[in-house]
Amino acid sequence: MSENFEPVIVGFLCNWCSYRAADLAGTARLKYAPNMRPIRVMCSGRVDPQFVLKALRNGADGVMIAGCHPGECHYVSGNIKALRRFVLLKKMLRQLGVEEERVQLVWASASEGIILAEKVDKMTAEVRALGPLNWNKTVLGGNGHPVVKAEPVAEEV
Amino acid sequence: MKKYALFPGCSLEKMAASYYRSSVETTKKFGVELQELEDWNCCGATTYSYIDELLANTLVARNLALAEKEGLDFVAPCSACYKNAYFTNKYIKEDPDLWEHINYALEQDDLQFHGSIEVYHIIDIFAKEIGPEEIKAKVTNPLNGLKVAPYYGCQIVRPRKNGEEFENPQFFEEIIDAMGAEPVDFAERLRCCGASLIMTNRQAALEMVRVLLNNALNSGADVIATACPLCQVNLECYQTAVNEEFGTDFKMPVLYFTQIMGLALGLPRKQLGIGSELVSAAPIFSQVMVKEGK
Amino acid sequence: MSAKPTFSHEISNLMYKSHGNPTKSCIQCGTCAGTCPVAEYMDQTPRRLIGMINANLKEEVLASNTYWFCASCYHCTVRCPSQIDIAGVMYAVKRYSIWNKSYSEDLVGPAFSEAFVKIIARSGRSYEPILAPTYMFSMEPKEFVQEAFNATKMMLKGRIPVLPTRIKHIKNFQEMIRRIIPIGGES
Amino acid sequence: MSDKPKLAMYWSASCGGCEISVLNIHEHILTVDEVFDVAFFPCIADFKVHHVESYPDGYIDVCLWNGAVRNSEGEHMAHLLRQKSKFMVAYGSCAYEGCIPALSNLTSKEATFNTVYFDNPSIDNPNKVLPTESVQVTEGELTLPTFWNTVKSLDQVIDVDYYLPGCPPEPPQIWAVLQVIVGALLEGKPLPPKGSLVGHSGVAVCEECPLEKSEKTITKFFRPYEIVPEPGVCLLEQGIVCNGPATVGGCGALCPQVGMGCRGCYGPLPGVEDQGGKMLSAIASVIGAGEAGMDEHEIERQIEAVVDTIVDPAGTFYRFSMAHSLLERAKVNGKGE
Amino acid sequence: MNEEKVGVYVCHCGTNIAKVVDVVDVATWAGEQPNVEVAREYKFMCSSLGQELIEQDIKEKGLTRVVVASCSPHMHEKTFRGACERAGLNPFLFEMANIREHDSWITDDKVAATQKAKSLTNAAIARVVHHQPLEPIPVEINPNTLIVGGGIAGITAALELADAGNHVYLVEREPSIGGHMAQLDKTFPTLDCSACILTPKMVDVGQHANITLLTWSEVEELDGYLGNFTATVRKKARYVNEEVCTGCGICIEKCPAKVLDEVFEVGMGTRKVIYRPFPQAVPKYPVIDKENCIYFLRGKCKACELFCPTEPNSIDFTQKDEILKLQVGNIILATGYDLFDVKRIPQYGYGRLKNVFTSLEFERMVNASGPTDGKIVLRDGKTPPASVAIVHCVGSRDENYHKYCSKICCMYSLKFAHLVHERIPDAEVYNCYIDMRTPGKGYEEFYHRLLEEGTNFIRGKVAEITDAPRIPAEEGKLVVQVEDTLIGRQRRVPVDMVILSPAMEAKPDSKEVSQLFKMGCDFDGFFTERHPKLDPVATMTEGIYIAGACQGPKDVPESVVQGAAAAARVAGLINRGTVMMEPVRANIDQDKCSGCRICNNMCPYNAIVFHEDRHVSEVITALCQGCGTCVAACPSGIITGAHFTNDQVFSEIEGILWDVRPEKVLA
């Protein structure tokens, strides 16, 4: 199975730069790995670390966060906040045994379709080399944990 | 006393022995000890890079590893050796792959390089570590009226080092000024002397020497100060050849800046290796009152 | 995807990444050739040589004397507006030509460098009296006389070594070199 | 036994503090005694497992379960008590979200044993003895439960009716919850919906915290022993990691009031999936490094320098909620096992 | 399970999608997903027939949510939202899956593309059921406009708006408007006298009833949002009372102190301490340079006051800076450019070699009202040069300085060559260029004219300029060392004068200005436009526009075009009176906010305020731009970002991972 392993990467792309870069890559008919599945957010600063964890927990082999270059954020500095969170998240994920290549932060401006495509290709190759993550099976050992916990309902008493 | 590992390189052994002596003697005056690096090897000059870049870096890295073993920062008086050492030190740290290859080779000589040392040119020691202020304070025999052409040459300032001026450096002028001498406006001070071509393209090299001597003369210099044994030999020992070739009549003394510095510090000429020049430096002594110490 | 690499690729591959941009980013502005102190002795200016590398004119590039005449002064490198390490490119072409033994026969440079490399591999240090004769044979008579005259004067001033010095564990040193490439160690 | 409602309390992987907390509700304990019959409560009364086994299903009205589920014995008891109880309450942080025991989810069972039985200055174990599940002695076979690799919260093993957070829960909150239960059992008052988190304020700890808060820009983080906090000022602003903003209140903000950053024992706010992830996000957001306009690498370097002062982020942000976090445990040696 | 009825529409986009993605399979599969009421595929969803399909289904099948799997939302989100709206469905109950740009166009692998299309479609389905109906936010537009920068771009914008009957505040940092254009002698390629065409426009600005001109003033703070900005402007003390001053200039004449004019004359000439930058300055009132004024320095002099003929006296040494609060609806930034500091390239010798000039110095020199009365002379002030070299690309097209092409230098360097020919007919002129870039009406023709005039063109970037001669012919000359790349040889050209054509670069404070106005600025410091092709004068911040060289190197006609374009954009908004803004905004649940204040400095628009009394934070909806940074930061999870809520994104993540996610079962 792992011979034909094709990683699934969830991409969080900011609306103004990297989503447009991905649009541009498409418009320019650049061919790159189809493994990255993009989710649009208004700004890389909207990417809550919970999103990354959620994606890893739900079967993604990697997560890419893409935003405008520092200094070029549509919202002035949202990407700097994204970077701050990413640096700390990376440190924590190291403790959780998630390889560095699996969660990446990249910068791509709206005109950098080629760069985004290259980064997706590179990350896909890196994650492919690492093999599947499959958190539920490999890490939780198929212990039959529920993905959706009986979510506590708020109740003030 | 601050101590450095001195990498003499092949030319300081004999050809530029006076540079070696004057470097050791002048730095001593500032409480800096230069200790010759034990068991050093040739840095490969420029020629090793012709053959193999990895090998060239390995030769240099061996010397760096030796210095590191002694816990000393690395000082080279020869600009070519310095350039090789400085950039090898830099490239290794930037390229883990290169680092690994080099350590694999060094292993054979029971050495490893950990990248914990700095590389200096001898002129850095004066310009940055000691500084013009301290030089000025130690000068006992200010060389008033002596016009010195500061010849940087190529490889002290080039290729580019982050954050350092490579088109308009001033540190050499500042040192000369600190000696009490006058640095002349030497327009060609950054131009190559052609030393590496003297064996392979003599015609070009002699023309390059001519341009430099000509400019130094026009700028009113009494002496050219160099910071590299290859520049010194090229500019000095080939003056006769230049004169023959171009019908000129250059008699421009070319001294190591450490020798001139020694004079300013009142060190005896002999201790500075003055006297082994092919173009006599005598005219400058008549110009400056030289008070020689013991 | 296994297209034959272009000459500019081959040259770029011979240089470390930290050496600046590949030759392809050249805008042919001529800053290198305008700067070069040896330009007038070269059969091609450095700019043209880079243009020729990019145009895949491998034979012509290797037949040129330009890269052997480079004095390694790095002035072009620091000025290049495309941040190409032009001196580094010259080194890379030298390596390419030595490895492929494809340099022009009448050049002194390659012979000199091979002699130099052998001496280092033998003793770990350079030694002019051995080095000199290996290339001096190629000199013109006038130059030979000048050179001999200079050497004699320097000898008299004690500036030429009488005996070669060498490093202590020369065997280890040679083994070290052999770990990189077989050149040099064997001779 | 009388026909009073039956109360049980059982502990699994926990410290015992939860039992004490029940007794710590002061005079109200008398009311508890008055209202309930204790059916199983190893800490205060001598019941055996076979007693429980003998009860009919649903015999126990309320079972307060404290402790995470760490081994096969815990799992067995959880299933047994679930079967015998009408209402199963995950009592305290261990049962609710794994708590301190679940920090071992950051490593493997082998590593945990190594620390506990060999590699610890206070351990003297020259024969390298490890617990084994079965051992033959003259009297016969002795068994120990199977020790799992992963610590689980109670709801990862059985169906849970209510959650009561805290390490341990605070007396006013316990009493409030007990009142609701008593009201339901005796007077037929409505109960909160199944699955509710009860016994908290619904707003973050900061609401109850009296320290002065202002805009935050943090350039260095301190461990508690490295700094004497300035009184009256928000600890987070002083660089002391305080999980208060990401932790639901109800505790009365006891820790921050005595200069110790909130450890986060009440767990995340309702609606938040991952307490650690949220706290991480908040803390990173207010790092005072890296401004737009600087070189990309320089920004990263500056941020890294500040982040380096946060020691053990996983242990800090998931101190109580590891088992209940999105990832639940770390991947060790390339996998979880 | 959710009760929503979702309609899914998969577009073929002709063959653009269908060639790679099996659209029929995707539609059939989508029809089987939870909540999906109907799933269809269609050739062109964006066509009117495609849209009608959606409208029909909404009406007939009672769809409550719509998903279209087609191209990028940047392309057609508006289109399909419109279709939903027409059928009575709130437009925000729609979601788009981008299976063209992000899928069919980037791969030839049909299996992978179809799988990815399913993922993206499923993500949209999972997300859309969590959507909430949203209403756009109406904003009223204050009809006043603030224009920052009084160069040709700002002047044009101000006149356009004012002539259309709108009030404009024009703020300029220097004592007069006019900008760089006022310093020039001639403009290329027509060789119009710069002052002759600019001055009438400056006068118009000064006299316009609809323009409040605030020179010697700077914007210090900006609050508010599209339609309702409040700008705080510091009007620096002029020490001249504008109410009474007639601009007669006697004070200037009588002032005993002279200083080097570093701004207008770029150090080539002097000015008095009470001064007007140049004779045609608008406004005409002078200003006292406090740093150099003898009275301010030593407490006596007051010559200007003594000779002032007005009653009451116009000179007022007690004047203080004024702080003005301007209420405006829109802002146009036209803050211009600076010239690259040529000293950063030491090998060109500027500063060391006295006859090396910058382009602006030369402009002042050839200007008839300039320091040499228009005579081209060496630094000694009298000798006309017999040979001049003009160096292009100084700091431009160079990775060591500015990578970009400054666009105008080729043309003005040609203009310089022409002016030298005109004034010193015998002089040799050399233009050293990398590439001759003359696109523009009449520009290439101008180049040909110069070729005919006998200018020596050397194709090569100048390597260095030196005064060290190698041969007798070079003695006493400046030697320009360059490779003539057309003949492939290094040349050393001896000349008397060198003119450097430096790069145009962003103002040194452009980063701070961009932060003040809360908009983007690129790596080089130029302001970022909303779209480089289709929206070149708008910025990412609504209500803020840019014009002229602050956006990138530009010549006069281009700056004029941009000034007018920005004015047209603003006028359009003023005409509408009210605009609807996207309701993608953050909101803090006031009951659940603990007042931890983590979010307080997250917002680049200062949209988050903290209420000290209630200890809660609140988002000012009109200021919020919807980035969601505060939403991600809120540790309590009680800030919601409309249309990008945690619920919506979590569902999207689950949906996008439909094929790899674990089963949703309890143990």
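Protein chains get the first letters and strands the later ones, always in sequence-line order, with residue 1 at the start of each.
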Pair B:Thr58, C:Ile177 - check side-chain contact (heavy atoms from CB on, under 4.5 Å), show working. CA-CA 8 Å; B:Thr58 306; C:Ile177 290 177; over 6 Å; no
Which portion of B:Asp97 sits near chain C, non-hydrogen atoms under 4.5 angstrom: neither
Which atoms of B:Glu236 are under 4.5 Å from chain C, going by heavy atoms: the side chain, the backbone, both sets, or neither? side chain
Tell me if a side-chain donor or acceptor on B:Glu53 pairs with a main-chain N or O of C:Arg95 at a distance below 3.5 Å. no
NZ/B:Lys161: more than 12 non-hydrogen atoms of other groups inside 6.0 Å: yes
Between C:Arg125 and B:Trp40 (side chain of the first, backbone of the second, donor and acceptor by atom type, cut-off under 3.5 Å), is there such a pair? yes
Which region of B:Thr240, side chain (C-beta onward) or backbone (N, CA, C, O), has a non-hydrogen atom less than 4.5 Å from a non-hydrogen atom of chain C, or is it both or neither? side chain
B:Leu197 CG to C:Ser72 OG distance, which is reported to the nearest 0.5 Å: 8.0 Å
Once rounded to the nearest 0.5 Å, what's the spacing between atom CZ of C:Phe173 and atom CG of B:Leu111? 11.0 Å
Given a strict heavy-atom distance threshold of 4.5 Å, which part of B:Thr200 is in contact with chain C: side chain, backbone, both, or neither? both
Please check this pair: side chain of B:Arg158 against backbone of C:Cys73, looking for a donor-acceptor N/O pair closer than 3.5 Å. yes
Taking every heavy atom of C:Val38 against every heavy atom of B:Ala204, the minimum-distance pair comes out as CG1-CB, 3.8 Å
Go through the atoms of B:Tyr104 and report whether side chain, backbone, both or neither lie under 4.5 Å from a heavy atom of chain C. both
Might you point out which heavy atoms bring C:Met176 and B:Ala105 nearest each other, and give the distance in Å? CG-O, 3.3 Å
List the steps and the verdict of side-chain contact (heavy atoms from CB on, under 4.5 Å) for B:Glu107 and C:Arg179. CA-CA 10 Å; B:Glu107 203 177 76; C:Arg179 275 205 165 177; 3.0 Å; yes
Looking at C:Lys168, C:Met90, C:His75, C:Glu175, which makes the most heavy-atom pairs under 4.5 Å with chain B? C:His75
Side chain, backbone, both or neither of B:Ala17 within contact of chain C (heavy atoms, under 4.5 Å): neither
In terms of heavy-atom contacts, B:Pro159 and C:Thr77 come closest through CB-CG2, 4.5 Å
What distance do B:Leu106 atom CG and C:Asn172 atom CG have between them, rounded to the nearest 0.5 Å? 11.5 Å
Residue part contacting chain C, namely of B:Leu190, when any heavy atom lies under 4.5 Å: both
Rounded distance [0.5 Å steps], CD in B:Glu207 versus OH in C:Tyr41: 4.5 Å
Chain C: which of B:Gln155, B:Glu167, B:Glu245, B:Gln203 shares the most heavy-atom pairs with it under 4.5 Å? B:Glu167
Tell me whether the count of non-hydrogen atoms from other residues, nucleotides or ligands lying under 6.0 Å of NZ in B:Lys93 goes above 12. yes
Proximal component of B:Asn63, with respect to chain C [non-hydrogen, under 4.5 Å]: neither
Applying a strict 4.5 Å limit to non-hydrogen atoms, the region of B:Leu54 in contact with chain C is both
